[in-house]
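All values below were derived from every heavy atom in this structure, side-chain atoms included, with hydrogens, water molecules and symmetry-related copies excluded. Everything numeric in this text was worked out from a predicted model, so none of it was measured. The sequence lines fix the lettering, A, B, ..., with proteins before strands; numbering per chain opens at 1.
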Amino acid sequence: SQKIEQNSEALNIQEGKTATLTCNYTNYSPAYLQWYRQDPGRGPVFLLLIRENEKEKRKERLKVTFDTTLKQSLFHITASQPADSATYLCALVGYMYSGGGADGLTFGKGTHLIIQP
Amino acid sequence: GAVVSQHPSWVICKSGTSVKIECRSLDFQATTMFWYRQFPKQSLMLMATSNEGSKATYEQGVEKDKFLINHASLTLSTLTVTSAHPEDSSFYICSARGLAGDTQYFGPGTRLTVL
């Protein structure tokens, strides 16, 4: 069966360090992968999209890599700040049970990131 | 840019009543809107995909007669939970995708509590 796995345990990082979050998927061939940030009681906020033919994408302090051979994406936040504390979601297009909603996103459960001052 | 709003942000209703949730794209035209549901400590689960002017496509296990979706314009989609029951209590989130591009932009969500 198709799966998206993110580290479900909270990740504690010291302020100023680089936080690295992992997203692994199985039985999937996504055309692209997206990362979102979600704060408690709020909808996800789009951060980055990376396509299957792209190895790396950057946006300010954020960097995403996409390895279609390993079926893995890594999400990095450099010079992390307490305000970066949130849950980060990995999402793939192409819903696993698609009956026609092939453009819907399938989300991982997310990794809760805590940046400690 | 790419702002999506939802209304209401939260609603409490009695079992058996119907609740309508609105999703609007404020600064772009959304040919496709999506409705997701998220239970506590769970990931977002796609419920349905709607294209402007056509019937929504529902995911497996989602009752189309219970969750009525209307995408009447390029900036508005509505989800009506009919005859709501306590097990329908959840966080309902919509997203919208513009004419060009793959990115979905999400609304802030609607917390539904059915007593």
Side-chain angles (χ1 to χ4, degrees), chain A residues 1-10 21 23-25 30-54 57 59 64 66 86-112, chain B residues 1-7 9-10 21 23-25 28 30-51 54-62 64 67 69 90-98 101-113:
Chain A
S1 62
Q2 294 161 319
K3 272 187 188 178
I4 301 173
E5 292 183 348
Q6 293 185 256
N7 191 340
S8 58
E9 295 180 8
L21 286 67
C23 174
N24 294 296
Y25 59 93
Y32 54 86
L33 181 150
Q34 302 184 49
W35 283 89
Y36 287 82
R37 168 184 173 144
Q38 187 176 27
D39 290 286
R42 305 291 295 173
V45 174
F46 171 73
L47 296 175
L48 281 167
L49 180 153
I50 185 164
R51 300 187 185 281
E52 59 180 341
N53 61 347
E54 297 175 317
K57 205 98 175 258
K59 179 183 173 183
V64 170
F66 192 13
T87 296
Y88 290 86
L89 307 172
C90 164
L92 300 179
V93 72
Y95 197 65
M96 61 175 76
Y97 300 119
S98 176
D103 291 338
L105 292 174
T106 299
F107 283 87
K109 285 189 176 181
T111 297
H112 184 44
Chain B
V3 179
V4 177
S5 70
Q6 276 184 246
H7 179 81
S9 54
W10 59 269
I21 302 170
C23 177
R24 292 181 186 270
S25 56
F28 68 102
T31 50
T32 306
M33 286 186 167
F34 304 85
W35 287 94
Y36 294 83
R37 180 167 52 180
Q38 186 177 33
F39 291 104
K41 299 192 186 301
Q42 298 297 313
S43 59
L44 282 79
M45 297 291 285
L46 179 67
M47 298 176 67
T49 302
S50 75
N51 293 293
S54 60
K55 288 185 179 180
T57 303
Y58 289 82
E59 294 303 313
Q60 198 176 65
V62 178
K64 63 180 181 180
F67 298 99
I69 291 170
S90 189
F91 192 48
Y92 290 86
I93 313 171
C94 73
S95 71
R97 190 177 65 197
D102 302 311
T103 303
Q104 291 182 31
Y105 296 95
F106 285 79
T110 297
R111 174 75 57 194
L112 170 62
T113 303

A.B. asks: Pick from Pro44(A), Gly43(A), Gly108(A): which one has the most heavy-atom pairs with chain B under 4.5 Å?
C.D. replies: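 Looking at each of Pro44(A), Gly43(A), Gly108(A) in turn, Pro44(A) comes out on top.
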
A.B. asks: Under a 4.5 Å heavy-atom cut-off, does chain A meet the side chain of Gln6(B), its backbone, both or neither?
C.D. replies: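 Neither part, no heavy atoms under 4.5 Å.
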
A.B. asks: With ring centroids as reference points, do Phe106(B) and Phe46(A) lie under 6.0 angstrom apart?
C.D. replies: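 Phe106(B) vs Phe46(A): aromatic centres not under 6.0 Å.
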
A.B. asks: Can you confirm whether the side chains of Gln104(B) and Gln34(A) place a donor and an acceptor under 3.5 Å from each other?
C.D. replies: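 No, no side-chain donor-acceptor contact under 3.5 Å.
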
A.B. asks: Decide yes or no for Ile93(B) and Gln38(A): does some side-chain heavy atom of the first lie under 4.5 Å from some side-chain heavy atom of the second?
C.D. replies: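 Of all side-chain heavy-atom pairs linking Gln38(A) with Ile93(B), at least one is under 4.5 Å.
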
A.B. asks: Does any non-hydrogen side-chain atom of Lys109(A) lie less than 4.5 Å from one of Lys41(B)?
C.D. replies: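 Answer no - side chains too far apart.
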
A.B. asks: Can a donor-acceptor pair be found, under 3.5 Å and without considering hydrogens, that links the side chain of Tyr105(B) to the backbone of Val45(A)?
C.D. replies: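 Side chain of Tyr105(B) to backbone of Val45(A), a donor-acceptor pair under 3.5 Å: no, none is there.
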
A.B. asks: Report the distance from atom OG of Ser43(B) to atom CD1 of Ile4(A), rounding to the nearest 0.5 Å.
C.D. replies: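 One finds 8.0 Å between OG of Ser43(B) and CD1 of Ile4(A).
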
A.B. asks: Quick one: does Phe107(A)'s side chain get under 4.5 Å of Leu46(B)'s, heavy atoms only?
C.D. replies: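 No - every pair of side-chain heavy atoms lies 4.5 Å or more apart.
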
A.B. asks: So do Leu44(B) and Leu89(A) actually touch side chain to side chain, heavy atoms under 4.5 Å?
C.D. replies: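 SC-SC contact between Leu89(A) and Leu44(B) confirmed.
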
